[in-house]
Amino acid sequence: MNQQYFPDEPPRRNVHDAQPPGEHHADAPPPPPPGPPPGGPGGDPRNDPRWVYSPHASRDESREIPYFSRGYQPVETANRPPPRRRHGPLSALSTGAGILGFAFLLIGLLSQVFDWDTQSNPLQEFFDPQPQAPQVVPDGEGSVDSLIAGLDHVHEGIAVDWEAGGQHTGEGLDPGQAVGSAPGVCMGDTQVYQYMGFGTGVVVSSSGLAITNYHVVDSSTSVNITMADTEQQYSATVLGRDAAQDIAVLQIDTEETLPVASINADGVNVKDRVAGVGNAGGQGYLTSVVGEVGGLNETIHIEPPEPGSRGQWYENLIMITADIVPGYSGGPTVDANGQVIGISTAASQDTNNTEDAFGYAVPIVHALEVVEQVLNGDESGGVVIGSGGGLGIVVASEPNGGARVVEISPGSAGEAIGLQPGDVLLEIDGADVVNSSFISRFVRDRNPGDEVEVLWQTEEGETKQATATLDEAEIN
């Protein structure tokens, strides 16, 4: 059965005027097709099925500030009471010394009266800050076993409203129930040049390691994270990914200790009750949709984003009978105890009936195996660590195959081998360049510094071939 990614692709607004219609940066997604704005009169994105519409920007800073919303107004200078007399620095030092001296005497007296353990240091404990919560981090080897040991049933999990959930029937998809508590779950929004996208993620170490779908961050120039329970916001870096499993590994840029998700590493069985949790429709908060396990070890086919490209096959997935919708991408699928058993990755398409809607999740242990590879620098099996490769060119798909060069960045790998605007890329490393999406994904699945053989045809019809050393891609 053909399936699709959740359509979490960014709203295609404000396309750069300097980029002609139909062109595609080799390291970026294609712009919208030429013609009038989609979505009816005025180009309202809410009426365009390709766009995921959010009623508010997730980074909106126009919210009311609570302190000022309580009616605070500046006090006029004329109405202020006379200022108190300020004491000099000597007075402050004397007062502080007196307080410290009294504290030392009091603690010494109490230690004698109560015979405190001589191994402890009450004075040190008095001045030390409260101890931080223990960090859940992988060991030096970054093994799956250590990750599982730090996450398996570490807390009560995500609070799903099981009583209210699963009651939706008939036409229309389940809107879901608000989630009261979801420790270790985050919402993500991405910048893709002038596009925006969003999804969900799961924190797997208190030092800020997190996982989401690769298609959530694919082609992004920046990734921002909002913790679901605290609404704290951070930027994030893509450490690596496995496109074949649709898993990306993120490092949330913070020195704070973050809450982690709690997982069930033992998996689930068919007919077990489960729920998908995510930032549905980019709404800015989490909801859950309840269903049951409909199948294990499922294989599905993802339709390609551009005709002529190869589709993607995903294997060993958990199928769930819940109404997974855009925004749940990268979010947790949880068991009846709120423990994470998978990462939502795909859903049924072309249905608006809850009886026909279902989703798929990557088992959490498989997702953690990708984390292990990234932490250990292991790029086997399709895992790419760090930034991918790039040719530094803008290309457009040709009707009969190939990708026409539209623009070349100065000093880029493409310029170094002599590519010119108007040239048509025919092959790369012996593989036919079927369109612009193909060449973009091909080079980003390589590493900067890798060499690739490029075959192209000039505008005059001359065929040329050269070896290009890939640059570092500017996008994820």
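Owing to the predicted nature of the structure, the values given are computational and were not obtained by experimental measurement.
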Could you grab the distance from atom [atom1] of [X] to atom [atom2] of [Y], nearest 0.5 Å is fine?
X	Y	atom1	atom2	answer
C186	M227	SG	CE	5.5 Å
S235	Q191	OG	CD	13.5 Å
N269	I318	CG	CD1	10.5 Å
S220	N476	OG	CG	3.5 Å
D445	D450	CG	CG	11.0 Å
Q233	M187	CD	CE	8.5 Å

Whether the side chain of [X] engages the backbone of [Y] through a donor-acceptor N/O pair (distance < 3.5 Å, no angle test) should be reported.
X	Y	value
D432	V434	no
N279	Q283	yes
Q251	S207	yes
N213	S344	yes
T469	G449	no
E292	V270	no
E472	N447	no
E462	T458	no
E298	L317	no
S409	S412	no

[X] to [Y] - nearest heavy-atom pair and separation:
X	Y	answer
G291	A322	N-CB, 4.0 Å
D471	A413	OD2-N, 2.7 Å
V204	L151	O-CD2, 3.5 Å
V277	S288	CG2-CB, 4.0 Å
G390	V443	CA-CG2, 4.3 Å
V179	A182	CG1-CB, 4.0 Å

Taking the side chain as every heavy atom from C-beta outward, state whether [X] and [Y] have any pair of such atoms under 4.5 Å apart.
X	Y	result
I364	I343	yes
L147	S143	no
L239	I385	no
D229	P183	yes
V185	V203	no
T221	E474	no
H366	Q245	yes
V383	D378	no

Q) So L296 and N316, side chain to side chain contact (heavy atoms under 4.5 Å, CB included) or not? Walk me through it. A) CA-CA 7 Å; L296 301 172; N316 302 316; over 6 Å; no
**Q.** Whether F358 and Y360 hold their rings parallel, tilted or perpendicular, with breakpoints at 30° and 60°
**A.** perpendicular
Q. Is any side-chain N of the basic residue among R241 and D246 closer than 4.0 Å to the acidic one's carboxylate O?
A. no
(Q) Using the rule side-chain contact (heavy atoms from CB on, under 4.5 Å), only one of N376, I247, V249 pairs with V371; which is it? (A) V249
Q.
Go through it in stages, so that I can follow the logic: the residues are T200 and L286, the test is side chain to side chain contact (heavy atoms under 4.5 Å, CB included), and I'd like the CA-CA distance, side-chain angles, deciding distance and then a yes or no.
A. CA-CA 9 Å; T200 313; L286 297 179; 4.2 Å; yes
Pairs of donor and acceptor atoms involving the side chains of residues 419-429, under 3.5 Å and at least two apart or interchain, shall be tabulated with distances.
unit_1 : atom_1 : unit_2 : atom_2 : d
D423   : OD2    : Q420   : N      : 2.7
D423   : OD2    : W456   : NE1    : 3.3
D429   : OD1    : E453   : N      : 2.8

Q. Going through the distances and angles, do V160 and V334 end up as a side chain to side chain contact (heavy atoms under 4.5 Å, CB included)?
A. CA-CA 9 Å; V160 172; V334 300; 3.9 Å; yes
Q. Is there a side-chain hydrogen bond (donor to acceptor under 3.5 Å, both in side chains) between R441 and S437 once you walk through the steps?
A. CA-CA 6 Å; R441 176 56 59 86; S437 295; over 6 Å; no
Q: Using the side chain to side chain contact (heavy atoms under 4.5 Å, CB included) rule, take Y328 and V289 through it: C-alpha gap first, then chi angles, then the decisive distance, then the call.
A: CA-CA 10 Å; Y328 282 77; V289 284; 3.6 Å; yes
Q: Identify whether NZ of Lys or CZ of Arg in R444 sits under 6.0 Å from the centre of the six-membered ring of F442 and within 45° of that ring's axis.
A: no
Q: Any chance you could lay out the side-chain hydrogen bond (donor to acceptor under 3.5 Å, both in side chains) test for S206 and T257, step after step, and finish with the verdict?
A: CA-CA 5 Å; S206 61; T257 298; 5.3 Å; no
